[in-house]
Amino acid sequence: MSTPWAELLSRPAEEAAWDMLGCTIVVRDEAGAVAIRLTEVEAYSGELDPGSHAYRGQTARTAPMFGAGGRLYVYFTYGMHWCSNIVCGRPGSASALLLRGGEVVRGIDLARSRRRAARSDRDLARGPARLAQALGLTGQDSGRELAVGGRAELELAPPPRRADVRTGPRVGLTGPGGDGTTFPWRFWIDGDPTVSTYRPGVRRHRRRT
DNA sequence: GTTTTGATCCGCT
DNA sequence: GCGGATCAAAACT
């Protein structure tokens with residue numbers, strides 16, 4: 001069986017990223033559907049990538065990453081947030097794209113109801129945990145195959161011009177080979193307002209008492 | 001836990 | 001009202 005996105009998602013995440021920007025992910029449930037046009041993603045790729053959850057091998061949590069491209073990988077982090085990925089590449093390659101930011105293009109009322117704290121529509125899916133929450137994705141969806149007409153699917157779009165795509169270090173990686181600059185695999189659409197704010201190394205002041 | 005989010009403050013138009 | 005800057009708190013694995 002095949003899907004419209006099978007070829008695209010069989011490529012390594014850092015290659016697929018260029019064509020994933022501008023595509024729309026749709027997630028449906030009883031309450032309706034929310035569709036988000038992707039404006040910012042981050043690639044993670046298997047064994048050679050110290051920043052990847054798959055770097056130290058397969059676990060129950062990361063098992064979906066080791067499957068074939070075309071499924072979701074959703075993980076829980078910092079005791080509070082869900083982050084969603086689309087698995088890319090060949091089976092066993094453990095390559096995935098973290099969805100970091102996007103624009104809600106359909107189902108905006110449903111997205112608003114899930115994201116009560118959003119100050120404006122721009123903030124509905126600006127940031128990886130916000131995006132996952134706007135879509136209603138949790139760990140229960142980890143491993144789920146994208147399917148035409150299914151709970152989750154992808155709508156392809158013409159890729160943005162390369163000149164409109166910026167790349168840079170990924171967020172939150174430290175240590176040798178994993179400092180984010182070895183693999184500058186953060187991709188975003190230049191100037192798009194729904195790209196998340198990146199605040200590197202912000203110095204926190206100890207609260208004065 | 002050096003990330004993410006939300007609340008808050010503040011300047012801008 | 002919008003949005004940048006700053007600060008504090010932290011579901012559900």
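By convention in this document, chain letters (A, B, ...) are assigned in the order of the sequence lines, proteins followed by strands, and residues within each chain are numbered from 1.
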Using the benzene-type ring in the case of Trp, are the ring centres of A/F187 and A/W18 under 6.0 Å apart?
->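 Between A/F187 and A/W18, the centre distance is under 6.0 Å.
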For the residue pair A/Y44 and A/H53, is the inter-centroid distance of their aromatic rings smaller than 6.0 Å?
->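 No, they do not, as the ring centres are separated by 6.0 Å or more.
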Searching all strands shown, indicate the nucleotide that pairs with [N] (Watson-Crick or G-U wobble; both distances under 3.5 Å).
{"N": "C/dC12", "value": "none"}
{"N": "B/dG1", "value": "none"}
{"N": "C/dA5", "value": "B/dT8"}

Can we say A/R116 and A/D123 salt-bridge, meaning some charged N sits less than 4.0 Å from an Asp/Glu carboxylate O?
->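 Salt bridge flag = no for A/D123 with A/R116.
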Any Lys/Arg nitrogen of A/E155 or A/R106 sitting under 4.0 Å from an Asp/Glu carboxylate oxygen of the other?
->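 Between A/R106 and A/E155 there is a salt bridge, with a charged N closer than 4.0 Å to a carboxylate O.
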Looking at residues 121-135 of chain A, who's got a heavy atom less than 4.0 Å off DNA chain C?
->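 Heavy-atom cutoff 4.0 Å gives A/R122, A/R126, A/Q133.
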Where do A/V104 and A/A125 come nearest, in terms of heavy atoms and distance?
->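 Of all heavy-atom pairs spanning A/V104 and A/A125, the closest is CG2-CB, 4.3 Å.
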Does atom CD of A/Q58 have more than 12 heavy-atom neighbours, drawn from other residues, nucleotides or ligands, at distances under 6.0 Å?
->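 Above 12, so yes.
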If you pin A/M80 and A/S120 to their nearest nucleotides in DNA chain C, which one's is more 5'?
->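 Its nearest nucleotide being more 5', the pick is A/S120.
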On DNA chain C, nearest-nucleotide positions of A/R119 versus A/T138: which is more 5'?
->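 Nearer the 5' end of the strand: A/R119.
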How close or far is atom [atom2] of [N] from atom [atom1] of [X], stated in whole angstroms?
{"X": "A/E42", "N": "B/dT3", "atom1": "CD", "atom2": "P", "answer": "11 Å"}
{"X": "A/F76", "N": "C/dA10", "atom1": "CZ", "atom2": "C1'", "answer": "9 Å"}
{"X": "A/H81", "N": "B/dG6", "atom1": "NE2", "atom2": "P", "answer": "8 Å"}
{"X": "A/R186", "N": "B/dT3", "atom1": "CZ", "atom2": "C1'", "answer": "13 Å"}

[atom1] atom, [N] versus [M]: distance in rounded Å?
{"N": "B/dG1", "M": "C/dT13", "atom1": "P", "answer": "23 Å"}
{"N": "C/dC12", "M": "B/dT2", "atom1": "C1'", "answer": "24 Å"}
{"N": "B/dT4", "M": "C/dA11", "atom1": "C1'", "answer": "14 Å"}

Side-chain N,O (A/R100) to OP1/OP2 (B/dT4) below 4.0 Å |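 Yes, because at least one side-chain N or O of A/R100 sits under 4.0 Å from OP1 or OP2 of B/dT4.
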Using a heavy-atom cut-off of under 4.0 Å over every strand shown, decide if A/R115 touches base, sugar-phosphate, or nothing.
->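 If one applies the 4.0 Å heavy-atom cut-off, A/R115 turns out to touch the sugar-phosphate alone, with no base involved.
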For A/T194 and A/R126, does a side-chain donor sit closer than 3.5 Å to a side-chain acceptor?
->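 Per modelled atom types, A/T194 and A/R126 side chains form no pair under 3.5 Å.
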